[in-house]
There are 2 protein chains.
Amino acid sequence: MENINIKQLAKALNLSTSTVSRAFRDNSDISKETKERILAKAKEFNYQPNHYASNLREQRSKTIAVIVPELANNFFSQAIHGIEKIARDKGYHILIYATDDVFEKEVSFIRHLHNGRADGIIMSVSGEANDHTYLNELTQKRLPLVFFDRVYEDIITPRVITNDYDSSFSATQHLIKQGCKHIAYLVINKNLSIGKFRMQGYIDALQKYNIPYDDRYVVDCTNSYTKNNAILKRMLTELKPDGVFTSVERLAFATYYACYDLNISVPEQLKVIGFSSLEIAPLLNPSLTTITQPATKIGTEAANLLFRMLENPESVDPNEKIVLNSKLIKRRSTEKG
Amino acid sequence: MENINIKQLAKALNLSTSTVSRAFRDNSDISKETKERILAKAKEFNYQPNHYASNLREQRSKTIAVIVPELANNFFSQAIHGIEKIARDKGYHILIYATDDVFEKEVSFIRHLHNGRADGIIMSVSGEANDHTYLNELTQKRLPLVFFDRVYEDIITPRVITNDYDSSFSATQHLIKQGCKHIAYLVINKNLSIGKFRMQGYIDALQKYNIPYDDRYVVDCTNSYTKNNAILKRMLTELKPDGVFTSVERLAFATYYACYDLNISVPEQLKVIGFSSLEIAPLLNPSLTTITQPATKIGTEAANLLFRMLENPESVDPNEKIVLNSKLIKRRSTEKG
DNA sequence: TTGTATGCGTTATCAG
DNA sequence: CTGATAACGCATACAA
């Protein structure tokens with residue numbers, strides 16, 4: 001790939017490399033004429049300043065890293081879309097990392113990013129983590145870091161989240177008002193922040209309406225479709241809940257599949273509500289009542305926050321927390337019989 | 001941020017920088033002891049070789065760029081997931097770019113990638129392009145490039161696609177066998193390769209079954225939901241087709257919405273089939289008959305192809321074309337009345 | 001096996 | 001306004 005470099009371009013123009021370099025930096029003094037002459041020649045030669053040399057020199061990469069548990073997921077792809085928009089406007093590039101919810105990958109990604117590759121990190125944490133001290137170890141020279149949606153409570157860094165507790169409370173309340181008395185809560189990781197907050201909303205709503213809390217109705221699920229299907233079928237037959245509240249989208253789908261298999265009719269026999277970013281929730285059979293997070297907005301807010309940190313670190317309080325509201329959208333899956 | 005560098009580490013160990021450097025490169029000679037001592041200290045200091053310096057020195061970035069029309073799309077997020085898996089195994093990083101189907105962005109991304117930032121590119125092209133010569137201009141020092149799914153016919157570079165023509169033929173045939181006589185074909189860009197091939201399959205299937213081709217039934221749609229809704233409603237009321245074949249997922253959803261609005265019952269009055277990577281197609285109302293592309297596999301194949309090019313450019317024929325088969329999955333949306 | 005010296009392509013500093 | 005030069009952090013050729 002014998003790429004042309006600044007020296008060759010300078011030679012071709014009978015100029016020094018410094019002058020050529022200046023043509024590409026907006027601030028430096030340079031005569032309009034020379035600049036134009038240089039840029040024209042550069043275009044002709046298809047010259048692009050080498051990015052690695054610039055970055056090495058300037059000590060910054062104009063690149064941010066985005067770490068998410070999974071890519072093939074509506075919520076995350078929408079969030080990334082939001083991040084992408086902002087980053088593009090700022091002229092930043094985006095590196096993508098998927099942890100597959102494997103904590104070790106997360107640690108490895110983060111560690112390896114601390115080599116100048118990225119100027120900052122936007123992350124939604126893996127579900128499996130218990131010990132996050134690895135992030136604290138990096139604390140002194142840690143890259144600017146913004147959490148979104150799935151966060152570690154014990155790490156102090158700015159974050160963008162949604163009003164999970166309130167949404168869960170509303171969701172549960174909605175089921176209760178629709179007549180449910182035995183409401184199951186489906187969760188993948190109870191210990192993860194969102195699992196915890198969402199569960200608390202569920203519990204408190206039950207209490208408010210004097211429905212006894214029974215921990216058999218809190219169902220631990222997995223990321224495996226087949227396992228979930230088995231777990232849910234057993235739960236549905238044994239406990240016969242009349243309402244299901246799922247803390248993540250995937251579990252709402254799993255519930256639908258299980259109900260199809262068991263010939264349980266939704267919403268007549270079982271009402272279903274779930275957190276979900278699915279744009280075609282109205283097209284489901286039956287259309288799914290959702291708590292919809294502003295996924296794209298979460299992405300743009302997280303990106304804006306990170307850029308504020310990059311531009312002026314002092315301007316951002318490490319405890320800053322942006323809370324966006326999710327929306328409860330009622331559809332047929334929770335309609336009264 | 002004052003990141004530790006190789007010099008400081010060397011000093012702390014009373015070694016030269018070259019020795020330290022060697023500890024991180026597997027090939028060079030270095031005593032096991034020293035190496036271990038160095039790596040231990042490196043860990044203690046949390047030292048990572050600066051990526052930009054390495055890349056500048058080695059003239060490669062261990063990074064690939066992925067350019068897609070959109071991120072919030074099942075097909076592309078699954079494909080990216082596939083690419084990610086392979087790249088991760090190879091120790092490569094991934095830069096993501098979304099063109100939003102704007103050709104200028106695509107050109108700009110590609111151009112800017114030719115500055116060393118990436119070693120290769122995997123791209124699904126924007127729909128709006130007519131003049132692709134910009135790619136040919138780069139031809140001599142062009143980065144290794146692999147197309148997937150949406151390709152430019154006039155650019156010679158390896159590609160991973162699906163059997164679009166056959167799939168479309170089968171899809172149309174399936175509608176015909178289910179009794180449809182007036183089949184609409186919904187497309188976003190007729191000129192784009194996949195739009196074209198898929199359309200030819202549709203046309204040929206009609207012909208085989210002696211159904212006259214009527215170009216009013218080929219409906220040009222857009223990426224805007226509201227516009228599509230209007231277009232489809234008009235089409236459905238004016239032409240009253242009994243079958244709809246959509247060349248992209250989004251248009252199947254749009255058809256469903258339009259049918260809901262117009263009280264057209266699927267599949268009784270109208271049968272619907274579409275290209276789609278939606279994993280929950282069985283949960284739609286009615287469940288959607290799909291031509292499902294192996295999206296993740298497309299991603300892994302494209303990545304493998306690119307890595308073959310990177311490892312040994314000669315081993316890959318520029319005309320190489322990997323064709324994967326999509327699957328026609330029959331569901332209720334095309335069942336006989 | 002280890003150390004020394006050089007250059008990767010840029011940009012900032014300084015001098016002219 | 002332009003040119004010479006040093007430095008960014010690392011990896012290699014060469015020397016020891």
Side-chain angles (χ1 to χ4, degrees), chain A residues 1-39 41-42 45-63 91 112-119 141, chain B residues 1-39 41-42 45-63 91 112-119 141:
Chain A
M1 294 307 124
E2 4 61 68
N3 252 314
I4 190 168
N5 63 22
I6 201 171
K7 246 185 219 162
Q8 296 162 41
L9 188 61
K11 199 172 206 174
L13 286 157
N14 252 322
L15 287 169
S16 73
T17 60
S18 357
T19 311
V20 175
S21 175
R22 272 189 272 264
F24 290 92
R25 339 237 66 250
D26 282 338
N27 49 352
S28 301
D29 305 317
I30 187 171
S31 82
K32 208 169 183 177
E33 281 173 33
T34 345
K35 180 165 180 175
E36 275 165 12
R37 199 159 63 90
I38 294 173
L39 292 180
K41 201 77 173 174
F45 282 16
N46 225 310
Y47 165 77
Q48 300 268 354
N50 181 294
H51 195 251
Y52 291 106
S54 303
N55 288 161
L56 177 58
R57 186 57 232 240
E58 297 185 27
Q59 302 288 43
R60 57 189 201 22
S61 61
K62 280 239 172 197
T63 301
H112 283 93
L113 282 168
H114 283 258
N115 64 352
R117 205 182 243 284
D119 295 339
K141 49 167 190 168
Chain B
M1 289 290 131
E2 3 63 63
N3 252 316
I4 190 170
N5 63 20
I6 200 171
K7 243 186 220 162
Q8 296 161 40
L9 188 61
K11 198 171 207 173
L13 286 158
N14 251 322
L15 287 169
S16 75
T17 60
S18 24
T19 311
V20 175
S21 175
R22 274 189 270 264
F24 289 90
R25 338 241 68 247
D26 283 338
N27 49 351
S28 300
D29 303 318
I30 187 172
S31 80
K32 208 167 182 180
E33 282 173 32
T34 346
K35 179 165 180 176
E36 276 166 10
R37 198 158 66 91
I38 294 172
L39 292 181
K41 201 76 173 177
F45 281 18
N46 224 310
Y47 166 77
Q48 301 268 353
N50 181 294
H51 195 251
Y52 289 106
S54 304
N55 288 160
L56 177 57
R57 183 59 230 247
E58 298 186 35
Q59 302 289 41
R60 54 184 202 27
S61 62
K62 281 241 171 193
T63 302
H112 284 92
L113 283 168
H114 283 259
N115 63 354
R117 205 181 242 285
D119 295 339
K141 50 166 191 167

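Here the structure is a predicted model, which is why all the values come from computation and not from measurement. Residue numbering restarts at 1 for every chain, and letters A, B, ... go by the order of the sequence lines. Because only heavy atoms are used, hydrogens play no part in the values below, and waters and symmetry mates are left out as well, while side chains stay in.
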*Closest to the B:R25 side chain: C:dG9, C:dG3, D:dT12?*
D:dT12

*asked:* I want to verify a distance call: between D:dC10, D:dT2, C:dT10, whose nearest atom is closest to the B:P49 side chain?
replied: D:dC10

For [X] and [N], what is the distance between atoms [atom1] and [atom2] respectively, to the nearest whole Å?
| X | N | atom1 | atom2 | result |
| --- | --- | --- | --- | --- |
| B:R22 | D:dC14 | CZ | C1' | 11 Å |
| A:H51 | C:dC8 | NE2 | C1' | 16 Å |
| B:I38 | D:dC10 | CD1 | P | 13 Å |
| B:N50 | C:dC8 | CG | C1' | 13 Å |
| A:I6 | D:dT5 | CD1 | P | 16 Å |
| A:K11 | D:dA4 | NZ | P | 13 Å |
| B:L9 | D:dG9 | CG | P | 14 Å |
| A:N14 | D:dT2 | CG | C1' | 13 Å |

Can you name the salt bridge (Lys or Arg N to Asp or Glu O under 4.0 Å) partners of [X], sequence neighbours left out?
| X | answer |
| --- | --- |
| B:K62 | none |
| A:R60 | A:E58 |
| A:K7 | none |

For [N], take OP1 and OP2 only and decide whether either is under 4.0 Å from a side-chain N or O of [X].
| X | N | result |
| --- | --- | --- |
| A:S54 | C:dT11 | yes |
| A:S16 | D:dG3 | yes |
| A:T19 | D:dC1 | no |
| A:Y52 | D:dA11 | no |

*Answer with base, sugar-phosphate or nothing: what part of the nucleic acid does A:S21 contact at a heavy-atom distance below 4.0 Å?*
base

Shorter than 3.5 Å, N or O on both sides, protein versus nucleotides 6-8 of chain D: list them out with atom names.
unit_1 : atom_1 : unit_2 : atom_2 : d
D:dA7  : N3     : A:R57  : NH1    : 3.3
D:dC8  : O3'    : A:Q59  : NE2    : 2.9

_Under 3.5 Å, is there any donor-acceptor pair linking the side chain of A:S18 to the base of C:dT11?_
no

_Are A:Y47 and A:I6 packed together at the side-chain level, in the sense that at least one heavy-atom pair is separated by less than 4.5 angstrom?_
yes

*Are A:H114 and B:N46 close enough, and set up right, to give a side-chain contact (heavy atoms from CB on, under 4.5 Å), and what steps lead you there?*
CA-CA 9 Å; A:H114 283 258; B:N46 224 310; 5.6 Å; no

*Have B:S61 and B:D119 got a donor and an acceptor in their side chains that come within less than 3.5 Å?*
yes

*side chain to side chain contact (heavy atoms under 4.5 Å, CB included) against B:K11, all qualifying residues, sequence neighbours excluded*: none

_I'd like to check the side chain to side chain contact (heavy atoms under 4.5 Å, CB included) partners of B:T19; sequence neighbours left out, ordered by chain and number._
B:L15, B:S16, B:R22, B:I30, B:T34, B:I38

*How sharply is the helix from C:dT1-D:dA16 to C:dG16-D:dC1 bent, taking the axes over five pairs at either end and rounding to 10 degrees?*
40°

*Any residue meeting side chain to side chain donor-acceptor pair (under 3.5 Å) with B:T63, in chain and number order, not counting sequence neighbours*: A:R117

*Could you tell me which residues satisfy side chain to side chain donor-acceptor pair (under 3.5 Å) with A:N50, sequence neighbours excluded, listed by chain and number?*
none

